[in-house]
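First listed ligand is number 1; within each ligand, the first listed atom is number 1.
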Amino acid sequence: KTMPTSVAPTPPVDGLPVERSDPFDPPAVLAALREERPISRLRYPDGSLGWLVTSYPLARAVLADRRFSRRRELQRPPRRIAFEEEHPGPSEPGFFIGMDPPEHTRYRRQLTSHFTVRRMRDLEDRIARITAEHLDAMERRGSPADLVAEFALPIPSLVICELLGVPYTDREKFQHDTRVLLHLESSFEEAMGALVSLREYLHRLVVRKRAEPADDLISTLIAGGALDDEEIAGIAVLLLIAGHETTANMLGLGTFALLRHSDQLAALRADPSLVENAVEELLRYLTIVHIGPTRAALEDVELDGELVRAGEVVSLSLPAANRDPERFGNPDELDLRRSATGHLAFGHGIHQCLGQQLARIEMRTGFNALLSRFPDLRLAVEPEDVQLRTDMAIYGVHSLPVAW
Ligand code: HEM
């Protein structure tokens with residue numbers, strides 16, 4: 001009984017491409033691949049041969065398919081990522097993004113109720129206040145300013161700190177560690193050092209909160225009694241990293257995109273109620289998770305006529321999937337009025353972003369407050385001089401000099 005072995009039409013892509021010719025468009029080679037086939041051969045940095053999915057329906061199907069595993073030890077990074085070994089070990093306790101059910105379910109169940117739409121709505125006033133305070137400070141310091149340092153990074157960072165119960169005064173430490181961790185050019189030793197240091201920092205905090213509980217998520221998880229300190233520390237590391245780097249880059253890159261699409265910017269200024277729709281479209285158009293996610297086949301699976309063998313790793317290009325013309329008309333156009341729902345910027349399936357409701361509220365509040373505060377906000381440098389994060393695991397801008 002022989003399965004059909006397929007012959008890929010083109011030589012394998014050598015490592016997932018991340019270099020861009022336009023700050024907002026995914027690497028052009030991804031669209032070229034998708035036009036040819038929704039799934040292509042990809043050579044992983046460890047030399048193994050796997051797959052790259054570039055179409056919307058196939059990416060979504062793989063993310064929903066339980067024959068594909070998220071277990072960390074089965075993955076291969078599709079290009080060098082400092083914190084991912086070429087042959088990774090199993091996830092640390094609590095770091096459930098690298099686990100399958102039933103372990104994944106056990107952790108996620110402890111958290112779901114804390115991230116519902118309703119819970120996040122309760123945070124809305126607080127988020128609005130934090131946003132206003134940062135805009136006050138930025139205005140006081142005067143034009144020009146770096147929007148990333150003054151606005152995009154501190155707001156989500158402060159919000160996730162308050163939610164978890166992490167002292168924001170320690171931000172230099174964890175923002176630095178996160179940067180080292182997510183920098184593609186960091187050495188493996190540097191990245192591991194940063195990860196260990198973050199984990200130890202949060203473990204000490206969990207131990208302290210066990211003795212002196214407060215009104216925060218870490219204390220609530222301790223009180224729940226289902227998880228030990230090491231597991232809670234692992235969860236806290238995951239939430240702290242995911243909670244500030246991602247939204248921060250959507251705010252920074254999103255503002256850059258709005259400033260470069262003046263008709264869209266004018267439409268949002270004219271009608272702030274457009275913001276809910278605008279945020280979904282910015283998520284689709286910018287898709288900042290540009291490396292991975294990956295899944296490993298647990299058995300032989302046929303995908304669009306190709307045979308993915310058990311053990312092979314499949315990379316889903318979320319930026320390419322979200323620009324699939326079969327799913328979104330005129331995909332390369334930023335159109336804040338289109339319906340972008342169903343986009344894959346938060347992933348799909350059981351690992352779909354836990355923090356998406358929080359991120360949405362931070363972005364809606366952030367964009368509207370920023371635009372109403374500064375009616376003539378503009379770039380303070382030439383657009384070509386904005387430093388893009390092609391060298392980071394999460395795409396965005398390193399800084400965004402603005403004037404008003
Ligand atoms: C998972 C994107 C904000 C926490 C994910 C995944 C994506 C993503 C694509 C799926 C990864 C996979 O399938 O392997 C984003 C984007 C954000 C954002 C674009 C901002 C705009 C946040 C925030 C938090 C958060 C604010 C925390 C409060 C998580 C967690 C997971 C996750 C814990 C793992 C879920 C699981 O494995 O079950 N995110 N995220 N994210 N995100 Fe987010």
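Salt-bridge formation is detected for the pair Glu124/Arg121: a Lys NZ or Arg NE/NH1/NH2 atom is positioned less than 4.0 Å from an Asp or Glu carboxylate oxygen. The existence of a salt bridge linking Arg67 and Asp65 is confirmed by a sub-4.0 Å separation between a basic side-chain nitrogen and an acidic carboxylate oxygen. Salt bridge Arg140/Asp136: absent, no basic N to carboxylate O contact under 4.0 Å. Ion pairing of Asp25 with Arg323 is present here, as a side-chain N (NZ or NE/NH1/NH2) and a carboxylate O approach within less than 4.0 Å. Remark: Arg66 does not engage Asp100 in a salt bridge, criterion side-chain N to carboxylate O under 4.0 Å. Under the 4.0 Å criterion applied to side-chain N and carboxylate O atoms, Arg360 and Glu280 are assigned as salt-bridge partners.
In the vicinity of Leu318, heavy-atom distances shorter than 4.0 Å reach the ligand 1 atoms 9 (C). Taking every non-hydrogen atom of Ile350 and a distance limit under 4.0 Å, the qualifying atoms of ligand 1 come out as 38 (O). Close approach of ligand 1 to Leu239 is summarised as follows: ligand atoms under 4.0 Å from at least one heavy atom of the residue are 33 (C).
Separation of the His261 and Tyr285 ring centroids falls under the 6.0 Å cut-off.
Protein heavy atom at the shortest distance from atom 37 (O) of ligand 1 is His351 ND1, 2.6 Å. Looking from atom 9 (C) of ligand 1 to the surrounding protein, the closest heavy atom is Ala345 O, 3.3 Å.
At least one test fails for Arg338 against the ring of Phe328: distance under 6.0 Å to the centre or angle within 45° of the axis.
Evaluated by nearest non-hydrogen atom to atom 26 (C) of ligand 1, the leading choice among Thr105, Leu217, Thr247 is Thr247. For atom 13 (O) of ligand 1, the candidate residues are Gln357, His348, Met120, Arg295; the nearest heavy-atom contact is made by Arg295.
Note on ligand 1: Leu163 sits outside its first shell, no heavy atom being nearer than 4.0 Å. Contact between His104 and ligand 1 is present, with at least one heavy atom of the residue lying under 4.0 Å from the ligand.
By the criterion of a separation under 2.8 Å, the protein N/O/S atoms near atom 43 (Fe) of ligand 1 amount to Cys353 SG.
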